[in-house]
**Student:** 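Questions regarding the structure given below will be posed in turn.
Keep in mind that the numbers below use all heavy atoms, side chains included, and drop hydrogens, waters and symmetry copies. Chain letters run A, B, ... following the sequence lines, proteins first, then strands; residues in each count from 1.
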Number of protein chains: 2
Amino acid sequence: MENITEMLKGVLEGCVLEIISRGETYGYEITQQLRELGFTDVVEGTVYTITMRLEKNNLVDIEKKTSTKGPPRKFYTLNAAGQEQLEIFWGKWDFISSKMNELKTNKAKGEK
Amino acid sequence: MENITEMLKGVLEGCVLEIISRGETYGYEITQQLRELGFTDVVEGTVYTITMRLEKNNLVDIEKKTSTKGPPRKFYTLNAAGQEQLEIFWGKWDFISSKMNELKTNKAKGEK
DNA sequence: ACAGGTATATAGTATCACGTAGTAGCGTCA
DNA sequence: TGACGCTACTACGTGATACTATATACCTGT
């Protein structure tokens, strides 16, 4: 899927929150998981800007651990504020998602 | 629903395309319809930047008509390129929507 | 004359994903 | 040893978009 950049705004951060909420993970791994999900064009730089933002907004706890496969990894876990933010995110998503499907359904029905 | 600005990026233009596709309409009316849909915080200025963009990208045909309720209205209809763009939009939406629901469903199931 | 609803336009701002580049550690294989 | 590839993080600049605020203008009813 190409050129979905604009539509990912606000969504990608929620995805990252969700992924972190499932257990301690780090930037590089998050990127891989997003790609597995289907967002194949997401690059590392994008994910790091998001994780840095999460740090800045104090939504994650951080632990640095060494790795045998390269430089040290920064592991993230959601803190209470992060959990709350994640719930807010899904709330927003459900809202928009339902409105959009409403619009689309009415389209199909040719209504109003 | 507050602060969904970022999540509307890329989506709002699609909504406007969809609304126009249902029949000739103009900026002010599009704003009203978006509000009825549930996007209550959308203001005229936002919609006009979108319609101007649609004009610039030659996705709409324009006809100016007088009104008994105020200044002349600029009526828009989708042309072929606009129709195509609308289909592309729904394609993108379906893609992201399905991925997000996948992510959310796995969350509920507590899976991977 | 004035207020209020209708209607369009635009300059400036903030936010976000992206592109690109740079730094660096480790393993493999020739 | 040296080149390469994978892992891993950081930083800077860019482009697209929705939002804010403001200006302009037309029409109707009082």
**Student:** Among A/M7, A/K99, A/K9, find the residue that satisfies the side chain to side chain contact (heavy atoms under 4.5 Å, CB included) test when tested with B/V11.
**Tutor:** A/M7

**Student:** With sugar-phosphate meaning primed atoms plus P, OP1 and OP2, does B/T51 contact a base, only sugar-phosphate, or nothing at under 4.0 Å between heavy atoms?
**Tutor:** nothing

**Student:** Give the C-alpha distance, both sets of side-chain angles, the deciding distance and a yes or no for side chain to side chain contact (heavy atoms under 4.5 Å, CB included) between B/W93 and A/S97.
**Tutor:** CA-CA 9 Å; B/W93 170 257; A/S97 186; 4.3 Å; yes

**Student:** Please compare A/K64 and B/V42 by the position of their nearest nucleotide in DNA chain D and report the one closer to 5'.
**Tutor:** A/K64

**Student:** Among the candidates D/dC9, D/dA25, D/dA11, find the nucleotide nearest to the side-chain atoms of A/M52.
**Tutor:** D/dA11

**Student:** Which atom pairs, donor and acceptor, lie under 3.5 Å between side-chain atoms of residues 55-65 of chain A and protein residues at least two apart or in another chain?
**Tutor:**
from  : atom 1 : to    : atom 2 : distance (Å)
A/E55 : OE1    : A/K74 : NZ     : 3.4
A/E55 : OE2    : A/K74 : NZ     : 2.7
A/E55 : OE2    : A/Y76 : OH     : 2.8
A/N57 : ND2    : A/R53 : O      : 3.4
A/K65 : NZ     : A/E24 : OE1    : 3.0

**Student:** Would you kindly give the CG-to-P distance between B/L34 and D/dT17, to the nearest whole Å?
**Tutor:** 16 Å

**Student:** With the threshold set at 4.0 Å, does a side-chain nitrogen-carboxylate oxygen contact exist between A/K104 and B/D94?
**Tutor:** yes

**Student:** Nearest-Å distance, CE (B/M1) to P (D/dC19)?
**Tutor:** 14 Å

**Student:** Given C/dA9, C/dA7, D/dC12, which nucleotide is nearest the side-chain atoms of B/K74?
**Tutor:** C/dA9

**Student:** Over all strands shown, is B/S67 touching base, sugar-phosphate only, or nothing at heavy-atom distances under 4.0 angstrom?
**Tutor:** sugar-phosphate

**Student:** Working note: A/W90 + B/L103, criterion side chain to side chain contact (heavy atoms under 4.5 Å, CB included); need CA distance, chi angles, decisive distance, verdict.
**Tutor:** CA-CA 11 Å; A/W90 282 121; B/L103 189 68; 4.2 Å; yes

**Student:** Rounded to whole angstrom units, what separation is found between the CD1 atom of A/I50 and the C1' atom of D/dA11?
**Tutor:** 16 Å

**Student:** Test your reading of the model: is there a side-chain donor-acceptor pair from B/R35 to the backbone of B/V42, 3.5 Å cut-off?
**Tutor:** yes

**Student:** Please tell me which of B/G45 and A/L12 maps to the more 5' nucleotide of DNA chain C, matching each residue to the nucleotide holding its nearest heavy atom.
**Tutor:** B/G45

**Student:** Take atom CZ of B/F75 and atom P of C/dA7, then tell me their distance rounded to the nearest Å.
**Tutor:** 8 Å

**Student:** OP1 or OP2 of C/dT8 versus the side-chain N and O atoms of B/Y28: is any pair under 4.0 Å?
**Tutor:** no

**Student:** Side-chain N or O of B/T46 versus OP1/OP2 of D/dC19: is the shortest distance under 4.0 Å?
**Tutor:** yes

**Student:** May I ask you to evaluate whether B/R53 reaches the phosphate of D/dA16, defined as a side-chain N or O under 4.0 Å from OP1 or OP2?
**Tutor:** no

**Student:** Considering heavy-atom distances to DNA chain D, does A/E6 or A/K69 have its closest nucleotide positioned more toward the 5' end?
**Tutor:** A/K69

**Student:** The side chain of B/P71 lies closest to which of these nucleotides: C/dT6, C/dC18, D/dA16?
**Tutor:** C/dT6

**Student:** Using a 4.0 Å heavy-atom cut-off, does A/G27 contact any base of the nucleic acid, only the sugar-phosphate backbone, or nothing at all?
**Tutor:** sugar-phosphate

**Student:** Starting from the 5' end of DNA chain C, give me the residue, B/G70 or A/V11, whose nearest nucleotide shows up first.
**Tutor:** B/G70

**Student:** For D/dT17, does the base pair up with any side-chain atom of B/K9 as donor and acceptor (N or O, under 3.5 Å, distance only)?
**Tutor:** yes

**Student:** Roughly, in whole Å, what's the span from CZ in A/R35 to C1' in C/dC18?
**Tutor:** 13 Å

**Student:** Just to confirm, is there a sub-4.0 Å distance from OP1 or OP2 of D/dT10 to any side-chain nitrogen or oxygen of A/Y48?
**Tutor:** no

**Student:** Rounded off to whole Å, could you give me the CD-to-P distance for the B/E13 and D/dA16 pair?
**Tutor:** 12 Å

**Student:** Would you kindly give the CE-to-P distance between B/M7 and C/dC16, to the nearest whole Å?
**Tutor:** 11 Å

**Student:** Nearest whole Å is fine: how far is D/dT24 P from B/E44 CD?
**Tutor:** 17 Å

